Amino acid sequence: MPDIKKKERSDKNRDIVLDILIDMEQNKAFLSDALDKALRKIQFSDKKDRSFITRETEGICEYMLSLDTIIGAFSKTPVSKLRPVIRNILRLGIHEMLFMDSVPARATISECVNMTKAHNMMKLSGFVNAILRNVDRKLTENRYYDNTSGADNNGRGFGDNKSDAAKDGSSEISKDLAKARLERISMIFGLDSLAEKYSAPLWLADFFVKTFGEEKAEQILLASFIRRKLTIRYNRTLVKKEELIEKLKEKGISVTEGNYSASALLIDNIDFVRRVPGYKDGLFSVQAESSMRAIEAAGIEKNMRILDLCAAPGGKSTYAAELMEGTGEVISRDVSDEKTEKIEENIKRLKLDNISVEKADATVFDEKLEDGFDIVIADVPCSGLGVIGRKSDIKYRLQPEDMDSLTKLSQEILLNAVRYVKKGGKLLFSTCTINPAENEETTRWLIGKAPKDELKLLDEKLFVQGVDDTDGFYYAVIQRVG
(Lines give C-alpha, C1' and ligand atoms only; values in the text may rest on other atoms or scores of the structure.)
Protein backbone atom coordinates (compact mmCIF):
# COMPACT_ATOMS: atom_id res chain seq x y z
CA MET A 1 0.00 0.00 0.00
CA PRO A 2 1.39 3.47 -0.89
CA ASP A 3 2.47 5.83 1.86
CA ILE A 4 -0.40 8.35 1.67
CA LYS A 5 1.17 10.79 4.14
CA LYS A 6 4.41 10.78 2.19
CA LYS A 7 2.53 11.38 -1.07
CA GLU A 8 0.59 14.30 0.41
CA ARG A 9 3.79 15.80 1.75
CA SER A 10 5.49 15.44 -1.62
CA ASP A 11 2.57 17.06 -3.45
CA LYS A 12 2.61 20.00 -1.07
CA ASN A 13 6.35 20.43 -1.44
CA ARG A 14 6.12 20.56 -5.22
CA ASP A 15 3.34 23.12 -4.96
CA ILE A 16 5.62 25.30 -2.84
CA VAL A 17 8.46 24.93 -5.35
CA LEU A 18 6.08 25.89 -8.16
CA ASP A 19 4.89 28.94 -6.21
CA ILE A 20 8.51 30.04 -5.72
CA LEU A 21 9.27 29.67 -9.44
CA ILE A 22 6.15 31.62 -10.39
CA ASP A 23 7.01 34.34 -7.85
CA MET A 24 10.46 34.70 -9.40
CA GLU A 25 9.15 34.76 -12.94
CA GLN A 26 6.13 37.02 -12.56
CA ASN A 27 7.27 39.31 -9.74
CA LYS A 28 10.97 39.38 -10.68
CA ALA A 29 11.78 38.14 -7.16
CA PHE A 30 15.36 37.05 -6.47
CA LEU A 31 15.88 33.34 -5.83
CA SER A 32 17.29 33.88 -2.34
CA ASP A 33 14.41 36.17 -1.32
CA ALA A 34 11.68 33.96 -2.77
CA LEU A 35 13.12 30.81 -1.22
CA ASP A 36 13.73 32.44 2.17
CA LYS A 37 10.15 33.76 2.24
CA ALA A 38 8.76 30.31 1.50
CA LEU A 39 10.97 28.55 4.06
CA ARG A 40 10.06 31.03 6.78
CA LYS A 41 6.41 30.10 6.32
CA ILE A 42 7.17 26.42 6.88
CA GLN A 43 10.16 26.70 9.22
CA PHE A 44 8.56 24.36 11.77
CA SER A 45 7.69 21.65 9.24
CA ASP A 46 9.66 18.45 8.70
CA LYS A 47 13.35 18.98 7.92
CA LYS A 48 13.11 16.64 4.91
CA ASP A 49 10.38 18.81 3.43
CA ARG A 50 12.46 21.98 3.71
CA SER A 51 15.51 20.20 2.26
CA PHE A 52 13.49 18.89 -0.67
CA ILE A 53 12.10 22.35 -1.45
CA THR A 54 15.55 23.96 -1.26
CA ARG A 55 17.24 21.33 -3.44
CA GLU A 56 14.47 21.35 -6.02
CA THR A 57 14.21 25.14 -6.29
CA GLU A 58 17.95 25.82 -6.42
CA GLY A 59 18.52 22.99 -8.86
CA ILE A 60 15.82 24.12 -11.28
CA CYS A 61 17.10 27.70 -11.23
CA GLU A 62 20.69 26.62 -11.79
CA TYR A 63 19.81 24.37 -14.75
CA MET A 64 16.91 26.39 -16.18
CA LEU A 65 18.36 27.27 -19.60
CA SER A 66 19.20 23.64 -20.30
CA LEU A 67 15.81 22.49 -19.01
CA ASP A 68 14.16 24.88 -21.45
CA THR A 69 16.32 23.53 -24.29
CA ILE A 70 15.19 19.99 -23.44
CA ILE A 71 11.53 21.06 -23.26
CA GLY A 72 11.90 22.79 -26.61
CA ALA A 73 13.16 19.58 -28.22
CA PHE A 74 9.81 17.90 -27.53
CA SER A 75 7.34 20.80 -27.63
CA LYS A 76 5.89 22.29 -30.84
CA THR A 77 5.01 25.39 -28.82
CA PRO A 78 8.08 27.55 -28.05
CA VAL A 79 8.97 27.43 -24.36
CA SER A 80 8.58 31.21 -24.06
CA LYS A 81 4.98 30.89 -25.29
CA LEU A 82 3.94 28.25 -22.77
CA ARG A 83 1.77 29.32 -19.85
CA PRO A 84 4.02 30.10 -16.85
CA VAL A 85 2.47 27.34 -14.74
CA ILE A 86 2.96 24.73 -17.46
CA ARG A 87 6.49 25.90 -18.24
CA ASN A 88 7.52 25.60 -14.60
CA ILE A 89 5.78 22.28 -14.01
CA LEU A 90 7.76 20.88 -16.94
CA ARG A 91 10.98 22.35 -15.58
CA LEU A 92 10.23 20.79 -12.21
CA GLY A 93 9.44 17.38 -13.70
CA ILE A 94 12.48 17.17 -15.98
CA HIS A 95 14.78 18.41 -13.21
CA GLU A 96 13.54 15.63 -10.92
CA MET A 97 14.12 12.99 -13.58
CA LEU A 98 17.63 14.26 -14.25
CA PHE A 99 18.84 15.10 -10.76
CA MET A 100 16.55 13.95 -7.95
CA ASP A 101 17.61 10.34 -7.83
CA SER A 102 15.44 9.38 -4.88
CA VAL A 103 12.20 10.11 -6.82
CA PRO A 104 11.09 7.51 -9.42
CA ALA A 105 10.37 9.00 -12.84
CA ARG A 106 6.87 7.53 -12.93
CA ALA A 107 6.01 9.26 -9.66
CA THR A 108 7.36 12.56 -10.97
CA ILE A 109 5.29 12.34 -14.15
CA SER A 110 2.13 11.40 -12.25
CA GLU A 111 2.45 14.26 -9.79
CA CYS A 112 3.24 16.81 -12.48
CA VAL A 113 0.08 15.78 -14.34
CA ASN A 114 -1.89 16.10 -11.10
CA MET A 115 -0.41 19.56 -10.49
CA THR A 116 -1.55 20.62 -13.96
CA LYS A 117 -5.10 19.44 -13.25
CA ALA A 118 -5.06 21.13 -9.82
CA HIS A 119 -4.37 24.45 -11.57
CA ASN A 120 -7.53 24.01 -13.66
CA MET A 121 -5.59 23.16 -16.80
CA MET A 122 -7.09 19.73 -17.44
CA LYS A 123 -6.79 20.16 -21.21
CA LEU A 124 -3.04 20.64 -20.89
CA SER A 125 -2.46 17.62 -18.63
CA GLY A 126 -2.03 15.41 -21.71
CA PHE A 127 0.59 17.80 -23.09
CA VAL A 128 2.54 17.73 -19.81
CA ASN A 129 2.25 13.94 -19.67
CA ALA A 130 3.51 13.58 -23.26
CA ILE A 131 6.52 15.86 -22.83
CA LEU A 132 7.63 14.19 -19.61
CA ARG A 133 7.11 10.69 -20.96
CA ASN A 134 9.16 11.54 -24.05
CA VAL A 135 11.99 12.79 -21.83
CA ASP A 136 11.72 9.66 -19.67
CA ARG A 137 11.79 7.47 -22.80
CA LYS A 138 14.91 9.24 -24.05
CA LEU A 139 16.65 8.70 -20.72
CA THR A 140 15.62 5.05 -20.59
CA GLU A 141 16.79 4.36 -24.16
CA ASN A 142 20.17 5.84 -23.27
CA ARG A 143 20.40 3.80 -20.04
CA TYR A 144 20.57 6.96 -17.93
CA TYR A 145 18.86 5.23 -15.01
CA ASP A 146 21.15 2.22 -15.06
CA ASN A 147 23.34 1.42 -12.08
CA THR A 148 26.65 2.47 -13.60
CA SER A 149 30.00 3.48 -12.11
CA GLY A 150 29.54 5.66 -9.07
CA ALA A 151 25.85 4.86 -8.79
CA ASP A 152 23.91 4.62 -5.58
CA ASN A 153 21.06 2.21 -4.87
CA ASN A 154 18.60 4.50 -6.64
CA GLY A 155 20.36 3.71 -9.88
CA ARG A 156 21.06 7.02 -11.56
CA GLY A 157 24.72 6.96 -10.82
CA PHE A 158 25.61 10.41 -9.50
CA GLY A 159 23.62 11.34 -6.38
CA ASP A 160 21.08 14.15 -5.93
CA ASN A 161 22.32 17.46 -7.34
CA LYS A 162 23.76 19.64 -4.55
CA SER A 163 22.40 17.25 -1.94
CA ASP A 164 24.33 14.00 -1.62
CA ALA A 165 27.89 14.15 -0.42
CA ALA A 166 30.49 12.04 -2.09
CA LYS A 167 30.98 8.71 -0.36
CA ASP A 168 34.15 9.83 1.41
CA GLY A 169 33.15 13.46 1.79
CA SER A 170 35.66 14.58 -0.82
CA SER A 171 34.71 17.67 -2.78
CA GLU A 172 36.93 16.42 -5.59
CA ILE A 173 34.82 13.27 -6.02
CA SER A 174 31.68 15.37 -5.81
CA LYS A 175 33.07 17.54 -8.62
CA ASP A 176 33.83 14.48 -10.74
CA LEU A 177 30.36 13.06 -10.23
CA ALA A 178 28.68 16.34 -11.08
CA LYS A 179 30.74 16.69 -14.24
CA ALA A 180 30.02 13.09 -15.26
CA ARG A 181 26.29 13.60 -14.87
CA LEU A 182 26.25 16.81 -16.89
CA GLU A 183 28.32 15.22 -19.65
CA ARG A 184 25.90 12.29 -19.77
CA ILE A 185 22.87 14.60 -20.03
CA SER A 186 24.62 16.68 -22.70
CA MET A 187 25.31 13.59 -24.77
CA ILE A 188 21.73 12.33 -24.53
CA PHE A 189 20.07 15.62 -25.46
CA GLY A 190 22.72 17.02 -27.79
CA LEU A 191 23.81 19.92 -25.58
CA ASP A 192 27.02 20.48 -27.46
CA SER A 193 28.39 23.85 -26.36
CA LEU A 194 29.88 24.81 -23.02
CA ALA A 195 26.95 27.21 -22.53
CA GLU A 196 24.33 24.52 -23.18
CA LYS A 197 26.13 21.94 -21.06
CA TYR A 198 26.33 24.21 -18.02
CA SER A 199 23.08 26.15 -18.57
CA ALA A 200 24.73 29.52 -19.06
CA PRO A 201 23.95 32.37 -21.45
CA LEU A 202 26.22 32.10 -24.48
CA TRP A 203 27.75 35.54 -23.92
CA LEU A 204 28.67 34.62 -20.35
CA ALA A 205 30.31 31.31 -21.27
CA ASP A 206 32.26 33.11 -24.01
CA PHE A 207 33.30 35.80 -21.52
CA PHE A 208 34.70 33.21 -19.11
CA VAL A 209 36.58 31.45 -21.92
CA LYS A 210 38.05 34.73 -23.19
CA THR A 211 39.04 35.85 -19.68
CA PHE A 212 40.29 32.61 -18.11
CA GLY A 213 40.76 30.13 -20.94
CA GLU A 214 38.52 27.15 -21.70
CA GLU A 215 39.77 24.86 -18.91
CA LYS A 216 39.23 27.40 -16.12
CA ALA A 217 35.99 28.58 -17.71
CA GLU A 218 34.62 25.06 -17.44
CA GLN A 219 35.74 24.86 -13.80
CA ILE A 220 33.92 28.13 -13.09
CA LEU A 221 30.71 26.97 -14.75
CA LEU A 222 30.89 23.53 -13.14
CA ALA A 223 31.35 25.09 -9.68
CA SER A 224 27.68 26.11 -9.66
CA PHE A 225 26.71 22.43 -9.62
CA ILE A 226 29.06 21.34 -6.84
CA ARG A 227 27.54 20.73 -3.47
CA ARG A 228 29.36 22.84 -0.88
CA LYS A 229 29.07 23.15 2.85
CA LEU A 230 27.70 26.35 4.36
CA THR A 231 30.40 28.72 5.62
CA ILE A 232 29.82 30.53 8.89
CA ARG A 233 31.87 32.95 11.00
CA TYR A 234 31.83 32.44 14.74
CA ASN A 235 31.13 35.56 16.83
CA ARG A 236 34.20 35.88 19.04
CA THR A 237 32.47 38.47 21.24
CA LEU A 238 29.88 35.90 22.39
CA VAL A 239 31.38 32.43 22.04
CA LYS A 240 34.67 30.58 21.68
CA LYS A 241 35.09 28.69 18.44
CA GLU A 242 35.47 25.36 20.25
CA GLU A 243 32.25 25.94 22.21
CA LEU A 244 30.28 26.64 19.04
CA ILE A 245 31.70 23.56 17.34
CA GLU A 246 30.61 21.42 20.28
CA LYS A 247 27.15 23.00 20.34
CA LEU A 248 26.62 22.28 16.65
CA LYS A 249 27.93 18.73 16.81
CA GLU A 250 25.57 17.96 19.70
CA LYS A 251 22.70 18.63 17.30
CA GLY A 252 24.07 16.29 14.65
CA ILE A 253 25.54 19.04 12.47
CA SER A 254 28.79 18.22 10.69
CA VAL A 255 31.47 20.86 11.41
CA THR A 256 34.94 21.30 9.95
CA GLU A 257 37.48 24.11 10.07
CA GLY A 258 37.62 26.63 7.22
CA ASN A 259 40.24 26.60 4.50
CA TYR A 260 41.18 30.28 4.33
CA SER A 261 40.19 31.92 7.63
CA ALA A 262 40.62 30.89 11.25
CA SER A 263 37.20 32.45 11.95
CA ALA A 264 35.43 30.17 9.48
CA LEU A 265 33.57 26.93 10.08
CA LEU A 266 32.05 24.73 7.39
CA ILE A 267 28.76 23.14 8.43
CA ASP A 268 26.65 20.46 6.82
CA ASN A 269 23.49 18.46 7.42
CA ILE A 270 21.29 21.54 7.76
CA ASP A 271 18.31 22.77 5.77
CA PHE A 272 17.38 26.25 7.06
CA VAL A 273 20.06 28.40 8.65
CA ARG A 274 17.65 30.28 10.91
CA ARG A 275 16.97 27.01 12.73
CA VAL A 276 20.62 26.13 13.29
CA PRO A 277 21.44 26.23 17.03
CA GLY A 278 23.10 29.52 17.94
CA TYR A 279 21.87 31.53 14.96
CA LYS A 280 19.11 33.40 16.79
CA ASP A 281 21.46 33.93 19.74
CA GLY A 282 24.01 35.63 17.49
CA LEU A 283 26.74 33.06 17.93
CA PHE A 284 27.58 33.06 14.22
CA SER A 285 26.98 34.73 10.88
CA VAL A 286 26.86 33.31 7.38
CA GLN A 287 29.78 34.69 5.37
CA ALA A 288 32.02 33.37 2.61
CA GLU A 289 35.65 32.78 3.55
CA SER A 290 36.81 34.99 0.71
CA SER A 291 34.89 37.88 2.26
CA MET A 292 36.35 37.13 5.69
CA ARG A 293 39.85 37.12 4.22
CA ALA A 294 39.28 40.57 2.79
CA ILE A 295 38.43 42.03 6.21
CA GLU A 296 41.41 40.28 7.76
CA ALA A 297 43.70 41.65 5.05
CA ALA A 298 42.74 45.20 6.04
CA GLY A 299 44.64 44.77 9.32
CA ILE A 300 41.88 45.83 11.72
CA GLU A 301 43.04 46.60 15.27
CA LYS A 302 41.29 47.67 18.46
CA ASN A 303 40.07 51.25 18.80
CA MET A 304 40.07 51.96 15.08
CA ARG A 305 37.47 54.13 13.38
CA ILE A 306 36.00 52.27 10.40
CA LEU A 307 33.54 53.27 7.69
CA ASP A 308 31.65 50.71 5.58
CA LEU A 309 30.03 52.46 2.62
CA CYS A 310 27.93 49.72 0.94
CA ALA A 311 27.39 47.55 3.96
CA ALA A 312 24.14 45.58 3.62
CA PRO A 313 23.50 43.00 4.94
CA GLY A 314 26.38 43.87 7.26
CA GLY A 315 28.78 40.92 7.10
CA LYS A 316 31.95 42.98 6.78
CA SER A 317 30.81 45.67 9.22
CA THR A 318 29.95 43.14 11.90
CA TYR A 319 33.18 41.19 11.40
CA ALA A 320 35.17 44.42 11.76
CA ALA A 321 33.27 45.20 14.96
CA GLU A 322 33.88 41.72 16.32
CA LEU A 323 37.61 41.95 15.59
CA MET A 324 37.77 45.16 17.66
CA GLU A 325 36.04 43.31 20.55
CA GLY A 326 33.75 46.15 21.62
CA THR A 327 36.30 48.93 21.14
CA GLY A 328 36.52 51.50 18.36
CA GLU A 329 33.70 52.54 16.07
CA VAL A 330 32.15 51.20 12.88
CA ILE A 331 29.82 53.38 10.84
CA SER A 332 27.80 51.11 8.57
CA ARG A 333 26.06 52.79 5.65
CA ASP A 334 23.79 51.86 2.78
CA VAL A 335 21.44 53.56 0.38
CA SER A 336 17.92 52.50 1.44
CA ASP A 337 15.75 51.81 4.47
CA GLU A 338 15.42 48.20 3.39
CA LYS A 339 19.19 47.71 3.33
CA THR A 340 19.87 49.54 6.60
CA GLU A 341 17.15 47.52 8.32
CA LYS A 342 18.96 44.32 7.33
CA ILE A 343 22.19 45.67 8.85
CA GLU A 344 20.41 46.67 12.06
CA GLU A 345 18.77 43.25 12.29
CA ASN A 346 22.16 41.55 12.15
CA ILE A 347 23.76 43.98 14.62
CA LYS A 348 20.97 43.33 17.09
CA ARG A 349 21.20 39.56 16.66
CA LEU A 350 24.98 39.60 17.12
CA LYS A 351 24.71 41.91 20.16
CA LEU A 352 27.30 44.41 18.92
CA ASP A 353 27.37 47.91 20.43
CA ASN A 354 30.28 49.49 18.55
CA ILE A 355 28.38 49.92 15.26
CA SER A 356 26.04 52.69 14.15
CA VAL A 357 23.92 52.54 11.01
CA GLU A 358 23.21 55.39 8.61
CA LYS A 359 21.26 55.68 5.38
CA ALA A 360 23.42 57.38 2.76
CA ASP A 361 24.21 57.25 -0.95
CA ALA A 362 27.87 56.29 -1.42
CA THR A 363 28.03 58.13 -4.74
CA VAL A 364 27.38 61.45 -2.96
CA PHE A 365 30.46 62.91 -1.25
CA ASP A 366 29.96 63.65 2.46
CA GLU A 367 32.30 66.43 3.60
CA LYS A 368 31.98 65.66 7.29
CA LEU A 369 33.61 62.25 6.73
CA GLU A 370 36.71 63.51 4.92
CA ASP A 371 40.05 62.28 6.34
CA GLY A 372 38.15 60.69 9.21
CA PHE A 373 38.80 56.94 9.17
CA ASP A 374 41.57 54.43 9.76
CA ILE A 375 39.90 52.01 7.36
CA VAL A 376 37.21 52.58 4.75
CA ILE A 377 35.46 49.50 3.35
CA ALA A 378 34.00 49.83 -0.14
CA ASP A 379 32.39 46.57 -1.19
CA VAL A 380 30.91 48.16 -4.28
CA PRO A 381 27.91 47.07 -6.40
CA CYS A 382 29.10 44.57 -8.98
CA SER A 383 28.00 41.97 -11.50
CA GLY A 384 28.11 39.15 -8.91
CA LEU A 385 29.84 36.68 -11.21
CA GLY A 386 31.64 35.16 -8.24
CA VAL A 387 28.46 34.02 -6.51
CA ILE A 388 26.35 32.58 -9.33
CA GLY A 389 26.65 29.20 -7.60
CA ARG A 390 24.59 30.56 -4.70
CA LYS A 391 22.55 33.07 -6.69
CA SER A 392 21.97 31.34 -10.00
CA ASP A 393 19.39 33.87 -11.16
CA ILE A 394 22.21 36.41 -11.58
CA LYS A 395 23.24 34.80 -14.85
CA TYR A 396 19.75 35.23 -16.27
CA ARG A 397 19.36 38.86 -15.19
CA LEU A 398 22.82 40.15 -16.05
CA GLN A 399 23.61 41.60 -19.48
CA PRO A 400 27.09 42.42 -20.88
CA GLU A 401 26.42 46.16 -20.82
CA ASP A 402 25.56 45.95 -17.11
CA MET A 403 29.20 45.26 -16.28
CA ASP A 404 30.30 48.51 -17.91
CA SER A 405 27.74 50.58 -16.00
CA LEU A 406 28.61 48.86 -12.72
CA THR A 407 32.29 49.61 -13.27
CA LYS A 408 31.51 53.30 -13.69
CA LEU A 409 29.33 53.24 -10.55
CA SER A 410 32.07 51.62 -8.47
CA GLN A 411 34.62 54.17 -9.70
CA GLU A 412 32.33 56.97 -8.59
CA ILE A 413 32.06 55.43 -5.12
CA LEU A 414 35.80 54.77 -4.83
CA LEU A 415 36.73 58.36 -5.62
CA ASN A 416 34.67 59.38 -2.59
CA ALA A 417 35.86 56.49 -0.45
CA VAL A 418 39.54 57.30 -0.75
CA ARG A 419 38.89 60.85 0.48
CA TYR A 420 37.41 59.48 3.72
CA VAL A 421 40.67 57.66 4.57
CA LYS A 422 43.08 59.31 6.99
CA LYS A 423 46.67 59.79 5.84
CA GLY A 424 48.32 56.50 6.65
CA GLY A 425 44.97 54.76 6.69
CA LYS A 426 43.69 52.11 4.27
CA LEU A 427 40.92 51.59 1.74
CA LEU A 428 39.57 48.06 1.40
CA PHE A 429 38.03 47.78 -2.06
CA SER A 430 36.17 44.54 -2.77
CA THR A 431 33.64 42.89 -5.06
CA CYS A 432 31.94 39.51 -5.41
CA THR A 433 32.75 39.31 -9.11
CA ILE A 434 35.61 37.84 -11.13
CA ASN A 435 35.42 40.39 -13.95
CA PRO A 436 38.86 42.04 -14.37
CA ALA A 437 37.32 45.34 -15.52
CA GLU A 438 35.44 45.63 -12.24
CA ASN A 439 38.42 44.43 -10.19
CA GLU A 440 42.10 44.74 -11.07
CA GLU A 441 41.56 47.29 -13.82
CA THR A 442 39.50 49.47 -11.47
CA THR A 443 42.24 49.29 -8.81
CA ARG A 444 44.82 50.49 -11.34
CA TRP A 445 42.46 53.21 -12.53
CA LEU A 446 41.95 54.47 -8.96
CA ILE A 447 45.66 54.56 -8.13
CA GLY A 448 46.34 56.32 -11.43
CA LYS A 449 43.72 58.97 -10.65
CA ALA A 450 45.45 60.03 -7.42
CA PRO A 451 48.41 62.39 -7.22
CA LYS A 452 51.71 60.56 -7.69
CA ASP A 453 52.60 58.19 -4.82
CA GLU A 454 49.51 59.13 -2.76
CA LEU A 455 48.00 55.67 -3.03
CA LYS A 456 49.98 52.46 -2.52
CA LEU A 457 48.67 48.95 -3.24
CA LEU A 458 49.47 46.80 -0.20
CA ASP A 459 47.62 43.60 -0.99
CA GLU A 460 45.46 42.19 -3.76
CA LYS A 461 43.72 38.85 -4.15
CA LEU A 462 41.28 37.20 -6.56
CA PHE A 463 39.41 34.07 -5.55
CA VAL A 464 37.87 32.14 -8.45
CA GLN A 465 35.08 29.67 -7.78
CA GLY A 466 35.87 26.19 -9.05
CA VAL A 467 39.58 26.96 -8.80
CA ASP A 468 39.52 28.06 -5.15
CA ASP A 469 37.27 26.32 -2.64
CA THR A 470 35.16 29.39 -1.90
CA ASP A 471 33.05 31.99 -3.66
CA GLY A 472 34.57 34.11 -6.39
CA PHE A 473 35.74 37.35 -4.79
CA TYR A 474 38.25 40.16 -5.25
CA TYR A 475 39.85 42.55 -2.79
CA ALA A 476 42.55 45.20 -2.82
CA VAL A 477 44.04 46.93 0.22
CA ILE A 478 45.21 50.40 -0.74
CA GLN A 479 47.05 52.72 1.66
CA ARG A 480 46.70 56.48 1.49
CA VAL A 481 50.31 57.53 1.91
CA GLY A 482 50.29 61.25 1.21
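Please read all numbers here as calculations on a predicted model, not as lab measurements. The first residue of the sequence shown is numbered 1, and numbering continues consecutively from there.
Between F99 and Y63, the ring planes are perpendicular. Angles over 60° get that label, and only those under 30° would be called parallel.
Between the CD1 atom of I447 and the CD1 atom of I478 there is a distance of 5.0 Å, given to the nearest 0.5 Å. Atom CG in L385 sits 12.5 Å away from atom CG in D471 (nearest 0.5 Å). From D68, atom CG reaches atom OG of S66 across 9.0 Å, with rounding to the nearest 0.5 Å. Interatomic distance, M24 CE to L35 CG, rounded to the nearest 0.5 Å: 9.0 Å. To the nearest 0.5 Å, atoms OG1 (T211) and CG (N435) are separated by 7.0 Å. Atoms CD and CG, on E438 and L406 in that order, are 5.5 Å from each other to the nearest 0.5 Å.
Other residues, nucleotides and ligands contribute over 12 non-hydrogen atoms within 6.0 Å of the NZ atom of K461. No more than 12 heavy atoms of other residues, nucleotides or ligands shown are found within 6.0 angstrom of CZ on R83. More than 12 heavy atoms of other residues, nucleotides or ligands shown are found within 6.0 angstrom of CD on E401. Taking a 6.0 Å sphere around NZ of K241, one finds it holds more than 12 heavy atoms contributed by other residues, nucleotides or ligands. Atom CE of M187 has more than 12 heavy atoms from other residues, nucleotides or ligands within 6.0 Å. Annotation for E183: atom CD counts as buried by contact number, over 12 foreign heavy atoms lying within 6.0 Å.
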### Task
Before giving the answer on salt bridge (charged side-chain N to carboxylate O under 4.0 Å, His left out), spell out for D393 and R397 the whole-Å C-alpha distance, their side-chain angles and the decisive distance to 0.1 Å.
CA-CA 6 Å; D393 45 339; R397 296 171 184 265; 3.6 Å; yes

### Task
Evaluate the side chain to side chain contact (heavy atoms under 4.5 Å, CB included) criterion for residues R14 and E96: first the C-alpha distance (whole Å), next the side-chain angles of each, then the deciding distance (0.1 Å), finally the verdict.
CA-CA 11 Å; R14 288 183 177 86; E96 283 193 10; 2.8 Å; yes

### Task
Begin from the C-alpha positions of K391 and F30 and carry the test side chain to side chain contact (heavy atoms under 4.5 Å, CB included) through to its verdict.
CA-CA 8 Å; K391 300 178 180 180; F30 288 98; over 6 Å; no

### Task
Would you check, one step at a time, whether the test side chain to side chain contact (heavy atoms under 4.5 Å, CB included) holds for Y144 with R181?
CA-CA 9 Å; Y144 182 74; R181 182 196 287 268; 3.0 Å; yes

### Task
Check the pair K12, D49 against salt bridge (charged side-chain N to carboxylate O under 4.0 Å, His left out), reporting the backbone distance first and the verdict last.
CA-CA 9 Å; K12 181 181 177 183; D49 292 343; over 6 Å; no

### Query
Hey, mind stepping through S317 and R333 against side chain to side chain contact (heavy atoms under 4.5 Å, CB included) and telling me if it holds?
CA-CA 9 Å; S317 288; R333 288 184 156 197; over 6 Å; no

### Task
Would you check, one step at a time, whether the test salt bridge (charged side-chain N to carboxylate O under 4.0 Å, His left out) holds for K37 with D33?
CA-CA 6 Å; K37 181 171 65 176; D33 294 337; over 6 Å; no

#### Entry: Criterion salt bridge (charged side-chain N to carboxylate O under 4.0 Å, His left out) on D268 and K229, from CA distance to verdict
CA-CA 5 Å; D268 204 4; K229 297 180 179 181; 5.0 Å; no

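With hydrogens and angles disregarded, no donor-acceptor distance shorter than 3.5 Å links the side chain of S383 to the backbone of M403. When atom types are taken as modelled, the side chain of T318 and the backbone of G315 share a donor-acceptor pair closer than 3.5 angstrom. Between the side chain of S392 and the backbone N or O of G389, no donor-acceptor pair lies under 3.5 Å. At distances below 3.5 Å, not a single donor-acceptor pair connects side-chain atoms of E62 with backbone N or O atoms of F225. The backbone N or O of M122 sits less than 3.5 Å from a side-chain atom of S125, completing a donor-acceptor pair. Not a single donor-acceptor pair under 3.5 Å links the side chain of D334 to the backbone N or O of T340. In terms of modelled atom types and a separation under 3.5 Å, the side chain of T442 and the main chain of A437 share a donor-acceptor contact. Although no hydrogens or angles enter the test, the distance criterion places no donor-acceptor pair under 3.5 Å between the side chain of N142 and the main chain of L139. Side-chain atoms of E196 come within 3.5 Å of backbone atoms of S193 as a donor-acceptor pair (strictly under, hydrogens ignored). Looking only at distances, no side-chain donor or acceptor of K426 sits under 3.5 Å from a matching main-chain atom of I375.
Counting heavy atoms from C-beta on, the side chains of V135 and M97 come closer than 4.5 Å. When side chains are defined from C-beta on, F473 does not count as touching T431, because their heavy atoms never get closer than 4.5 Å. With a 4.5 Å cut-off on side-chain heavy atoms, H95 and L67 count as touching. Looking only at side-chain heavy atoms (C-beta outward), T231 and V286 stay at 4.5 Å or farther from each other. In this structure, the side chains of L18 and E56 stay at 4.5 Å or more apart for every pair of heavy atoms. Side-chain contact check for E215 versus V209: every heavy-atom pair is 4.5 Å or farther apart. Counting heavy atoms from C-beta on, the side chains of V380 and Q411 never come closer than 4.5 Å.
In this structure, K48 is not positioned above the aromatic face of F52 in the sense of NZ or CZ being under 6.0 Å from the six-membered ring centre and within 45° of the axis. For the pair R184 and F189, the cation does not sit on the ring face, since its NZ or CZ is not both under 6.0 Å from the ring centre and inside 45° of the axis.
In this view, E296 satisfies the salt bridge (charged side-chain N to carboxylate O under 4.0 Å, His left out) rule with no residue, not counting sequence neighbours. Under the rule for a ring pair (Phe, Tyr, Trp, His ring centres under 6.0 Å), F208 has no partner lying at least two apart in sequence or in another chain. Residues satisfying the side-chain contact (heavy atoms from CB on, under 4.5 Å) criterion with Q26, sequence neighbours excluded, are I22, P84.
The two residues L132 and C112 have their closest heavy-atom pair at CD1-CB, 3.5 Å. Between I434 and G472 the shortest heavy-atom distance is CG2-CA, 4.0 Å. Of all non-hydrogen atoms in D468 and L462, the two that sit nearest each other are OD2-O, 4.0 Å. For the residue pair P381 and C310, the shortest heavy atom distance occurs at CD-SG, 4.3 Å. Across all their heavy atoms, S186 and L182 have their closest contact at OG-O, 2.8 Å. Smallest separation of non-hydrogen atoms from L398 and W203: O-CZ2, 3.5 Å.
Ionic pairing of K197 and E218 is present here: one or more N-O contacts between side-chain nitrogen and carboxylate oxygen are shorter than 4.0 angstrom. Salt-bridge check for D36 with R40: passed, with a basic side-chain N closer than 4.0 Å to an acidic carboxylate O.
Here the options are K395, R91, R87, the test is side chain to side chain contact (heavy atoms under 4.5 Å, CB included), and the partner is M64; only R91 passes.
Under the 3.5 Å distance criterion, with hydrogens and angles disregarded, a donor-acceptor pair is assigned to the side chains of T363 and D361.
The six-membered or imidazole ring of Y474 lies near that of F429, with a centre-to-centre distance under 6.0 Å.
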